[in-house]
Structure formats: structure tokens, C-alpha cells
There are 2 protein chains.
Amino acid sequence: MKKLTARQQQFLDFIREYIDKHSFPPSIREIQGHFDLRSTKGVKDHIDRLVACGYLKRVDGAARALEVVGSRYKGDDRVPLVGTVAAGLPILADENIEDYLPVPSGPPRTRGMFYLRVSGDSMVGAAILEGDLVLVRPQPFVEQGEIAVVRIGDEATVKRFFKFSDRIELHSENPKYDPIVCRRGDEEIRVIGRVAAVFRELE
Amino acid sequence: MKKLTARQQQFLDFIREYIDKHSFPPSIREIQGHFDLRSTKGVKDHIDRLVACGYLKRVDGAARALEVVGSRYKGDDRVPLVGTVAAGLPILADENIEDYLPVPSGPPRTRGMFYLRVSGDSMVGAAILEGDLVLVRPQPFVEQGEIAVVRIGDEATVKRFFKFSDRIELHSENPKYDPIVCRRGDEEIRVIGRVAAVFRELE
DNA sequence: TCTCCATGTAAACATATGTATAGACCATAG
DNA sequence: CTATGGTCTATACATATGTTTACATGGAGA
């Protein structure tokens, strides 16, 4: 990513601040006004360069169709909160979306990710408590021992996932609960995704 | 806040989704296109009503100047990540800001709040692990037993806070560590704020 | 039934906004 | 020095976009 000149940085900063304040991007003439320019051309030049360098994206011709690259200022680092784990399916249906929440620490890819509220105390050993939100990255397989959201029959739960040649084991992180062992022919288990993060509000 | 009709809700939802996807709001004609309308008037009517009911804000006449009310889609629900607890002060200096992160579950007031990275394992019993981010709401006092960020002399730590007539006790949630007891005349303790939430990325 | 209201069509219209052409100024690298 | 690129003025133009007037439809409730 090419280095920006001081001036270019000023333009980018202004666009960011404007979006922060208004929640939509500025028009070219508004930028022009902010920098006290007599022509829109200068602004256009800067925007074109910021786009060329990858700091901005835009839709040509459309009004205020600017997007600051770098996720922090993009809308789609929000993911839906789709329901409660172990609350039965379908957990991924659109109608189940309770809210849209942002993801702290803009992760590399939020695409497709979603939050799920945890019920039960089976993962306290992993510092995941009842009521916590887990951020789920959907994927069909997880690494040995990773914390996953899995579907068992009609229910979704959070467990530590182990796969062996002849069976799958789902371990709770709570001595109160025994591992769930699943062999061929048993009720079907499907991995929904990996738990990428945990969020908890206190009180 | 007046209840919305199903149709109005659809329009609001679409605007949200559009912003999520593009990071800037749709134009009236884009909304029109999405709902397969033959006229822009219907859209205008809906937007006017959504504005009247307080679900949207907008700048009249300006292109794409829509804002979904509820802050969730506004930029300013971000709070700074200012450093690491127990890493020494000053933790609130501007120069210490490492990043700006969003707060899931749009809390009532993010104003003044900030994230702090936890070092050490003294709060594992409260499911707060090394490396977690704690969201801190600055306040000079906390309730009995609440988890607080406190400054002891030159250092900031996360502890459970108890105040008695003659002393203050700071309890770890880890049997390895004894409570810190502080009486008048001892090193000064100052409450920086209450831990309002915890965020952890796995791996 | 009649009215009201949410919803929509149709067609202009006004203006907000992006784009283009032509050229100037200036610092800096070659 | 000379060329290049970054920055900007001036002006005009094209079009994307919001606004408005007039009227139609269909369901819910008085």
C-alpha cells in the first residue's frame, strides 16, 4: 500500500471523521468546502488517488458512494445475533436474527460470521459462561480440540471438538458433564463453525 | 416510538442491510428498485414516515443522507483501546490509544468508555483471562463486589472491589493471590472504573 | 357503506453531485 | 535545468437523486 502524502492523509482523515459524525460519506463539494478549495477538481484528484492506492473504494457516478477501506469504518464488520445455542434450530434462519452487533478488533473476515448467545454452564472451564455471546465463524470442520458450535440432531451446542478414526467426541469444559461420543450410525453431528471470540456483558 | 407496519419494517431492514453491505446508505431509486416499485413516491413516503417515527434521520435534499437511528449504525459507538492493565500509567493518555474498537450490543452510553487488555491470571475465577479485553466505564466508585479497574500507586489492575469502614480490599478471583488490603495511610488506591464487559478472541 | 390511511402509479421538476477539459503553480528527482 | 507529479483554479456539463402534484387501489374500522 503506497504511502500517502500529508495532504492525502488529511483528505482521508476528513472523510473518516465525516462518516463517524454523519454515518454517511461526504459529497465532493462538502469536502471541497471543508478544505476551502475553489474547485471540485482537486477533491476528485485526491479521491481518485486514494482509491488507486487502496485506501478508499467507491461507486463511480453515484453520490456519496465512498467507503473507507480498512474495515473499521465499514458497516459490514457487524454480524447478526441469531439466537441462543442449545435453543433448538433453525438457528441460521433469517427470521431468527435478533440484532446486528459489531465485532471488536476488526477481524480479518467477518463475512458469514454471527453471534450466538450461550445457554448453560458446560463451558465454564473455558471461561465461557451462561449468557455470553460467542462469535461463530462458520466452517464444516474444526481443528482437534477447538471450541466449536455443533448441531446434534435438532440442537446446537458449544463444545470442544475431537475427532478420532472411529468416533467424534464433544467435551464440555465442566466436570459435571460427560463427553458426548458419537459413532457412525448414531445421531448425526454437524459442525456449524468455530468459536472465534467471546463477549460478555457484566451485570 | 410508534410501531411500524410490516411494510415499513421491510424498508428499514433493507436500508440497514444496504448500509451493512455498502457502508453508505441507498438512494431512493435503489430502494425503489429493490422493492420493484414503479414510482419513487412510495419510497419517499416510507422514508418520511420512518423519519417521523424516529427510526431514521436524514438531511433533506442531500443524496443518500440517511442515518439509521439507534447508534448501532453510527460510528461513534467505538471506544479506544488504551493499553494493558498492570502495565503502568498513564493509561488514559491520548498517546496510549492503540486502536478504536466497536462495542457489541450497543450499550446505553459508550461515552468515555475504553478497552483495556488484561495481563495476568488473577481474575480467571471470574472468567477473565490473560489477553482479554475489558470494556471499562470510568467512574470514581463501584458497588460492593463489582469488578473494577483500580490504580494502585503507579499500576492499574483488575480486581473485585470491597469497601469497609476502615479499609478497602481488592480480591483476585484466583486462589493463588491473596486479597490486597488497603487502609488509610497506605499507598493510595483510586478506582478508575467498572468493568462493563469482557471480550476475548480465541487462538 | 363510507371514510381513512397505507400503499402505490405516473410524470415532471429541481437540484445535488459527480465528471471533464484546459491550464497554472511549485517542489523535487533525474 | 527540465520533467514529473502533486495540488489547485475556472468553467461547463452530465446525470444521479430528491421532491412534488395528481390520482388509483384496497383493506380496516366507524
Side-chain angles (χ1 to χ4, degrees), chain A residues 1-19 21-69 73 75, chain B residues 1-69 73:
Chain A
M1 206 124 128
K2 207 176 166 189
K3 195 92 176 164
L4 293 182
T5 67
R7 192 62 168 160
Q8 287 159 5
Q9 189 65 53
Q10 283 176 32
F11 275 75
L12 184 56
D13 286 344
F14 172 71
I15 293 168
R16 279 184 171 159
E17 285 162 23
Y18 187 102
I19 295 176
K21 189 182 286 180
H22 299 82
S23 80
F24 51 80
S27 71
I28 285 195
R29 277 176 184 76
E30 284 168 341
I31 301 174
Q32 178 195 350
H34 175 80
F35 289 101
D36 242 326
L37 301 181
R38 316 293 185 75
S39 163
T40 56
K41 184 55 163 42
V43 179
K44 178 71 156 59
D45 285 349
H46 280 111
I47 289 181
D48 286 347
R49 216 161 296 122
L50 286 169
V51 169
C53 295
Y55 291 88
L56 287 179
K57 279 190 197 171
R58 67 171 318 215
V59 179
D60 279 25
R64 298 172 188 273
L66 287 173
E67 178 192 324
V68 176
V69 175
Y73 293 85
Chain B
M1 208 125 130
K2 206 174 163 188
K3 196 90 178 169
L4 294 180
T5 67
R7 192 60 165 161
Q8 286 160 5
Q9 188 64 53
Q10 283 176 33
F11 275 76
L12 184 55
D13 286 345
F14 172 71
I15 292 169
R16 280 186 171 157
E17 285 162 24
Y18 187 103
I19 294 176
D20 264 5
K21 190 182 285 178
H22 299 83
S23 79
F24 51 81
S27 70
I28 286 197
R29 278 176 183 76
E30 284 169 341
I31 301 174
Q32 177 195 351
H34 175 80
F35 289 101
D36 242 326
L37 302 180
R38 314 293 184 75
S39 162
T40 55
K41 184 52 166 38
V43 179
K44 178 70 156 57
D45 285 349
H46 280 111
I47 288 181
D48 286 346
R49 216 162 294 123
L50 288 168
V51 170
C53 296
Y55 291 88
L56 286 180
K57 278 191 198 170
R58 69 173 313 221
V59 179
D60 279 26
R64 298 173 189 272
L66 287 173
E67 178 192 324
V68 176
V69 174
Y73 292 85

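The chains referred to below are lettered A, B, ... by the order of the sequence lines, with proteins before strands, and numbering in each begins at 1.
At a threshold of 4.0 angstrom between heavy atoms, the contacts of A:K44 are confined to the sugar-phosphate backbone, with no base atom among them.
A donor-acceptor contact under 3.5 angstrom links the side chains of B:Q10 and B:R7, judged on distance only.
For A:H46, taking side-chain heavy atoms from C-beta onward, the closest of the listed nucleotides D:dC8, C:dG8, C:dT17 is D:dC8. Set against D:dA22, C:dA20, D:dG6, the side chain of A:R49 has D:dG6 as its closest nucleotide. With D:dT11, D:dT19, C:dT7 as the candidates, the nucleotide lying closest to the side chain of B:D45 is C:dT7. Nearest to the side-chain atoms of B:R7 among the listed nucleotides D:dG6, C:dT19, C:dT7 stands C:dT7. Distance from the side chain of B:R38 is smallest to C:dA10 among C:dT17, C:dA10, C:dA20. Distance from the side chain of B:S27 is smallest for D:dT17 among the nucleotides D:dA10, C:dA10, D:dT17. Distance from the side chain of B:A62 is smallest to C:dT17 among D:dG6, D:dG18, C:dT17. Relative to the side chain of B:L37, the nucleotides C:dG8, C:dG18, D:dA10 differ in distance, and C:dG8 lies closest.
As a whole-Å value, the separation of A:I15 CD1 from C:dT17 C1' is 15 Å. In this structure, the CG atom of B:D36 is 13 Å from the P atom of C:dA10, given to the nearest Å. Taking atom CZ of B:F11 as the reference point, atom P of C:dA6 lies 14 Å away to the nearest angstrom. Regarding A:L66, its CG atom lies at a distance of 10 Å from the P atom of C:dT19, rounded to whole Å. Between the CZ atom of B:R29 and the P atom of D:dA16 there is a distance of 10 Å, rounded to whole Å. Remark: C1' of D:dT20 and CG of B:D60 are 13 Å apart, rounded to the nearest angstrom. As a whole-Å value, the separation of A:I47 CD1 from C:dT17 P is 13 Å. We find that CD1 of A:I28 is positioned 14 Å from P of D:dC8, with the value rounded to whole Å.
A donor-acceptor pair is defined here as one N or O able to donate and one able to accept, closer than 3.5 Å; such a pair exists between the side chain of B:Q32 and the backbone of B:L37.
A:F14 pairs in a ring pair (Phe, Tyr, Trp, His ring centres under 6.0 Å) with only one of the listed residues (A:H46, A:H22, A:H34), which is A:H34.
Remark: B:R64 is in phosphate contact with D:dT17, judged by side-chain N or O atoms under 4.0 Å from OP1 or OP2. Applying the 4.0 Å criterion to OP1 and OP2 of D:dT19, one finds that B:R58 has a side-chain N or O inside that range.
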Yes or no on side-chain contact (heavy atoms from CB on, under 4.5 Å) for B:R58 and B:E67, after CA distance, side-chain angles and deciding distance? CA-CA 6 Å; B:R58 69 173 313 221; B:E67 178 192 324; over 6 Å; no
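Using cut-offs of 30° and 60° on the angle between ring planes, the pair A:F24 and A:Y18 is perpendicular. Ring pair A:F35/A:F11 is parallel by interplanar angle, where below 30° counts as parallel and above 60° as perpendicular.
When each of B:T40 and A:G61 is assigned the nucleotide of DNA chain C with its nearest heavy atom, B:T40 is the one assigned upstream, toward the 5' end. Between B:Q8 and A:D48, the one whose closest nucleotide on DNA chain C sits nearer the 5' end is B:Q8.
For D:dA10, its base sits under 3.5 Å from the side chain of A:S39 at one donor and acceptor pair at least.
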